[in-house]
> 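First the structure, then my questions, so here it is.
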Amino acid sequence: DTEVTQTPKHLVMGMTNKKSLKCEQHMGHRAMYWYKQKAKKPPELMFVYSYEKLSINESVPSRFSPECPNSSLLNLHLHALQPEDSALYLCASSQGPRDYSGANVLTFGAGSRLTVL
Amino acid sequence: AQSVAQPEDQVNVAEGNPLTVKCTYSVSGNPYLFWYVQYPNRGLQFLLKYITGDNLVKGSYGFEAEFNKSQTSFHLKKPSALVSDSALYFCAVRAPTGTASKLTFGTGTRLQVTL
């Protein structure tokens with residue numbers, strides 16, 4: 001299995017809703033990432049987990065809450081989002097104990113397209 | 001701070017012609033360089049990377065890239081373009097230092113291949 005699977009593919013939520021995005025990989029990768037991508041823009045790193053521990057938080061607002069329950073799963077919990085948070089949210093994974101995003105290649109999921117009304 | 005520049009928002013090429021998508025970078029030390037491709041409503045797919053060694057790197061789908069240290073460039077090339085190559089291409093760079101350094105993406109170049 002060489003894929004990163006993200007669910008749901010599409011999500012529409014109101015500003016008071018609580019929802020979650022899910023990401024799963026079975027490649028034995030020990031680093032997992034959340035990226036946010038606005039239309040026609042490059043992906044922006046949000047969070048990095050290594051060995052199920054949060055190692056990078058790119059000053060993301062607290063209305064985004066990541067969780068890594070085990071080495072194969074990564075969640076992004078969403079609460080009280082704003083319309084400007086509407087974007088494609090990409091999950092990625094890579095090998096490596098220390099070199100989270102160095103020579104190791106990132107494998108991306110297809111993304112979850114989020115619309116906040 | 002590291003950065004990547006992709007000077008062209010869009011590159012247009014006829015099918016069968018060679019293509020080049022430009023990328024220049026700025027980073028401390030020797031860079032790790034990558035090209036990713038993104039098709040509509042999809043995640044990014046890895047094409048190729050340069051870490052060390054031969055300056056000409058070959059990747060997926062017939063793409064290759066040439067690392068030029070003096071010009072700090074890593075242009076993506078293909079000898080003969082296909083309509084199916086039409087997509088958004090991202091160059092990315094990382095400095096090989098530290099344990100938590102980040103991949104920095106360029107702004108992307110849209111490749112349009114026409115018949």
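Protein chains get the first letters and strands the later ones, always in sequence-line order, with residue 1 at the start of each.
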> Taking side chain as C-beta onward, heavy atoms only, is A:Glu67 less than 4.5 Å from A:Leu74?
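Counting from C-beta outward, A:Glu67 and A:Leu74 never come under 4.5 Å.
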> Please tell me whether B:Glu15 and B:Asn17 have a donor and an acceptor in their side chains that are separated by less than 3.5 angstrom.
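No, B:Asn17 and B:Glu15 have no side-chain donor paired with an acceptor closer than 3.5 Å.
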> Strictly below 4.0 Å, N to O, side chains only: are B:Glu64 and B:Lys77 in salt-bridge contact?
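Here B:Glu64 does not pair with B:Lys77 in a salt bridge, since their nearest N and O are not under 4.0 Å apart.
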> Using non-hydrogen atoms and a 4.5 Å limit, figure out which bit of B:Tyr50 sits close to chain A: side chain, backbone, both or neither.
neither
> Do the side-chain N and O atoms of B:Asn30 and B:Lys69 include a donor-acceptor pair separated by under 3.5 angstrom?
yes
> Are there residues of residues 104-115 of chain B whose heavy atoms fall under 4.5 Å of chain A's heavy atoms? If so, which?
B:Phe105, B:Gly106, B:Thr107
> Side chain, backbone, both or neither: which part of B:Gln38 has a heavy atom under 4.5 Å from chain A?
side chain
> Checking an interface table here. Which of residues 36-45 of chain A come within a heavy-atom distance under 4.5 Å of chain B?
A:Gln37, A:Lys40, A:Lys41, A:Pro42, A:Pro43, A:Leu45
> Go through the side-chain N and O atoms of B:Asn68 and B:Ser70 and say whether any donor and acceptor fall under 3.5 Å apart.
yes
> Which hydrophobic side chains are connected to A:Leu117, either touching it within the sub-4.5 Å cutoff or through other members that do?
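Taking Ile, Leu, Val, Met, Phe, Trp and Tyr as members, A:Leu117 shares its hydrophobic cluster with A:Val12.
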> Among A:Cys91, A:Ala110, A:Ala92, which residue has the highest count of heavy-atom pairs closer than 4.5 Å to chain B?
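Most heavy-atom pairs under 4.5 Å with chain B: A:Ala110.
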> Indicate yes or no for a side-chain donor-acceptor contact from A:Glu3 to the backbone of A:His26 under 3.5 Å, with no hydrogens or angles considered.
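The answer is no, because no donor-acceptor pair under 3.5 Å joins these two groups.
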> Taking ring-ring contact (aromatic ring centres under 6.0 Å, His included) as the cut-off, I'd like each qualifying pair that reaches into residues 59-83 of chain A, sequence neighbours left out, listed once.
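Of all non-adjacent pairs touching residues 59-83 of chain A, those that pass ring-ring contact (aromatic ring centres under 6.0 Å, His included) are A:Phe64-A:Tyr89.
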> At their closest point, which heavy atom of A:Met15 faces which heavy atom of A:Pro83, and how far apart are they?
SD-CD, 3.4 Å
> Return the minimal non-hydrogen interatomic distance between B:Ser3 and B:Val93, and the atom names on each side.
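So the minimum-distance heavy-atom pair works out to O-CG1, 3.9 Å.
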> Parallel under 30°, tilted from 30 to 60°, perpendicular over 60°: which one fits the rings of B:Phe74 and B:Trp35?
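Parallel, since the angle between the ring planes stays under 30°.
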